[in-house]
**Student:** 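Provided herewith is a single structure, encoded as structure tokens, for subsequent inquiry.
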Amino acid sequence: QKRICIFSSGSVLAQKLLFTYTEYGDLSRFISGWFDTKIGAKKEAESYARIAAASGVEPHEVVFISDVTAELAAARVAGMQTILSLRPGNHPQEGGENFPCVETFAAL
């Protein structure tokens with residue numbers, strides 16, 4: 001079973017509001033877990049270990065997707081699989097060549 005969780009620097013409340021009121025309707029029902037920086041900093045491996053534990057899975061079972069390579073590096077140290085999200089308008093990321101890349105969810 002695949003689950004989607006969000007880890008954002010925005011508060012959990014802000015995340016829920018964002019995903020509840022989209023132009024595509026309420027997408028919050030597709031989200032299984034909500035995490036903000038109360039779990040830890042986004043560039044620290046321990047934060048990702050805590051997320052895996054809170055989700056009831058081993059880190060190696062998690063695929064973490066981000067458009068920030070420093071976050072991907074921290075998640076990788078924690079044992080997660082990592083993918084760099086290439087989004088239109090984002091600046092190229094230093095070290096991006098060290099991660100598999102994806103441009104759409106369909107490509108996953």
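Here the structure is a predicted model, which is why all the values come from computation and not from measurement.
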**Student:** Which heavy atom of T37 sits nearest to which heavy atom of K42, and what is that distance?
**Tutor:**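 Smallest heavy-atom distance, with atoms named: CG2-CG, 4.2 Å.
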**Student:** Taking F35's backbone N and O only, do any of them form a donor-acceptor pair with Q15's side chain (distance below 3.5 Å, no angle check)?
**Tutor:**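 Confirmed, Q15 side chain pairs with F35 backbone.
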**Student:** Minimum heavy-atom separation for V62 and V57, please, with both atom names.
**Tutor:** CG2-CG2, 3.6 Å
**Student:** Kindly give the heavy-atom pair with the smallest separation between C101 and G96, and that separation in Å.
**Tutor:**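 Heavy atoms of C101 and G96 come nearest at SG-O, 4.2 Å.
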**Student:** Using every non-hydrogen atom in the two residues, find where S85 and D67 come nearest and quote the distance to one decimal.
**Tutor:** O-CB, 3.4 Å
**Student:** Grab the two heavy atoms, one from E94 and one from T69, that are nearest each other, plus how far apart they are.
**Tutor:** O-OG1, 2.8 Å
**Student:** Treating Ile, Leu, Val, Met, Phe, Trp and Tyr as nodes and any side-chain heavy-atom pair under 4.5 angstrom as an edge, say whether F105 and L27 lie in one connected cluster.
**Tutor:**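 Result: no, two separate clusters.
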**Student:** Report the C-alpha separation of F7 and Y48 in whole Å, then their side-chain angles, then the decisive distance to 0.1 Å, and conclude whether the ring pair (Phe, Tyr, Trp, His ring centres under 6.0 Å) test is met.
**Tutor:** CA-CA 9 Å; F7 181 26; Y48 298 91; 5.4 Å; yes
**Student:** Are F99 and L86 linked, directly or through intermediate hydrophobic residues, by side-chain heavy-atom contacts shorter than 4.5 Å (ILVMFWY only)?
**Tutor:**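 Shared cluster, yes.
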**Student:** Is there a path of hydrophobic side-chain contacts, each under 4.5 Å between heavy atoms of I/L/V/M/F/W/Y residues, joining I51 to I4?
**Tutor:** no
**Student:** Verify, without hydrogens or angle tests, whether R3 (side chain) and S32 (backbone) share a donor-acceptor contact under 3.5 angstrom.
**Tutor:** no
**Student:** Considering all heavy atoms of both residues, which atom of V68 and which atom of Q93 are nearest to each other, and what is their separation?
**Tutor:** CA-OE1, 3.3 Å
**Student:** Run L108 and I83 through side-chain contact (heavy atoms from CB on, under 4.5 Å) and show every step you take.
**Tutor:** CA-CA 10 Å; L108 293 172; I83 299 176; 3.7 Å; yes
**Student:** Are F19 and V12 connected in the hydrophobic side-chain network, where two residues link if heavy atoms are under 4.5 Å apart?
**Tutor:** yes
**Student:** For the pair S8 (side chain) and G10 (backbone), establish whether a donor and an acceptor sit closer than 3.5 Å, ignoring hydrogens and angles.
**Tutor:**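 Judged by distance alone, yes, a pair lies under 3.5 Å.
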**Student:** For T20 and D26, indicate whether the former's side chain and the latter's backbone hold a donor-acceptor pair under 3.5 Å.
**Tutor:** no
**Student:** Take E71 and F64, measure what side-chain contact (heavy atoms from CB on, under 4.5 Å) needs, and give me the verdict at the end.
**Tutor:** CA-CA 9 Å; E71 295 172 7; F64 179 71; 4.1 Å; yes
**Student:** Quick one: does E61's side chain have a donor or acceptor within less than 3.5 Å of a partner on E58's backbone?
**Tutor:** yes
